[in-house]
Amino acid sequence: MAGSNELLMARVQQGDRDAFRTLYAEWRAPLFHFLLRRTGSRELAEECYQDTWARVWKSAHTYDPRRAFKSWLFTIAANVGHDAKRPVVADFRLETTTNSDRVEAKNTLVVALHMLEGRDRAMMLLSIEGFKPAEIAEAFGVSPNSVRVRLSRARSQLREQLLAR
Amino acid sequence: MDPSDVDNLDELLKGLKGDPPPLDMGFLDEPQDAPEEAAPQSNVVELSQWRRRMWAMGGLLAAAGALFAIWPADSVQPGDGSLRVRGDATDGPVGVELRLMVRHNDNLERLTKGAAVSTGDRVYFRIQADRPTTVHVWADQDGDHTPIGQLHARPEATEVTGASGGAVGWAFDTRTSVTFFASSAGPETCPPDACDRWTVDVQ
């Protein structure tokens, strides 16, 4: 049975702007956090964020109501901006905090994350968003096994990078 | 970084957040894309004929291209009777681009050429090459050469991870001037067409 997001998306397919705004209000923060981690750049994340939501509206007809809205949304977000071929630089400003150790750890994490190959990074970020290997495989057009291998490799590379600092 | 933090990788990553920007919803005033409709049968036949013609033309072009590629590069063939490959992409120096990111206070920013950094700052390296190749990265400070690492560079930007060389960044402890090099021509060799360099003044 379709959930509320899927029903809202079905209304968006009919051109319902209020349904779009409701979906946007619910998913704006998780989507932006994902894009921020994926791009490592606030400026680039903002561009991808705008582009993702525009595609949700413009390409609503490509959504299959049998599919979870979240999967469709994050698949767009995982692929948007890939054609831009712009360098990714970890330059987004971190949350303000008085704990300098925490800031240091986050800076280290951002740099280490961006030493991963782009697709590995996107897959890992989808994985921590709760996506199963089969769902990630569908988003990237590869086999679930390939996703598991990449996830395992990405995690171990990231750990190595973090422990080396 | 504390190993216990690294064990909790997912939580660390989830901690990377920021406030979403306001969305420009101007696109809501634009019409949504319409689903593509199936082409009429007559068009399908025409398309399939067109595709066959294109395949045939593609085959001819590919054959011509292959003939061109193996055609002797000069009017006289090499003495050993072998054929040269014209325009071999592996010939010649491989252009390299070196970029630096600087961590200043709590922020990571791209460093612009000529910009100064402060003591306590740290830089990280990103490399791009015209085509896949091995690139050596090193630093020169007061005549001392310090290898930073070597990596397999690609046309896509690659971070220097220190996989071979140990270092991933460079911390500035004193006021000085350091020049960083990235070269596809070998360690401590910096020809202009295969090497990029940055001089960083520390203030």
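The sequence lines fix the lettering, A, B, ..., with proteins before strands; numbering per chain opens at 1.
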Check whether B:Gln32 reaches the backbone of A:Trp57 with its side chain - one donor and one acceptor, N or O, closer than 3.5 Å. yes
Of all the heavy-atom pairs spanning A:Tyr49 and B:Pro21, show the shortest one and how long it is. CE2-O, 3.5 Å
NE2 (A:His33) and CG (B:Leu13) are apart, to the nearest 0.5 Å, by 13.5 Å
Which heavy atom in A:Phe32 sits nearest to a heavy atom in B:Asp19, and how many Å separate them? CE2-O, 3.3 Å
Salt bridge (charged side-chain N to carboxylate O under 4.0 Å, His left out) contacts touching residues 183-203 of chain B (sequence neighbours left out): B:Lys113-B:Asp196
B:Asp33 vs A:His61, side-chain contact (heavy atoms from CB on, under 4.5 Å): CA-CA, chis, key distance, verdict: CA-CA 7 Å; B:Asp33 294 341; A:His61 71 277; 3.6 Å; yes
Can you say whether A:Gln13 sits under 4.5 Å from chain B via the side chain, the backbone, both, or neither, judging by heavy atoms? backbone
d(B:Asp24 CG, A:Gln50 CD) to nearest 0.5 Å is 5.0 Å
Among the listed options A:Arg28, A:Met124, A:Lys58, the residue most often paired with chain B at heavy-atom distances under 4.5 Å: A:Lys58
To check you understand the geometry: which heavy-atom pair defines the closest contact between A:Ala29 and B:Pro20, and what is its length? CA-CG, 3.8 Å
Any chance CZ of A:Arg17 has more than 12 other-residue heavy atoms, nucleotides or ligands included, within less than 6.0 Å? yes
Per-residue contact mode, B:Pro31 against chain A (heavy atom under 4.5 angstrom): backbone
Below 4.5 Å, heavy atoms only, C-beta onward: do B:Met25 and A:Tyr24 meet side chain to side chain? yes
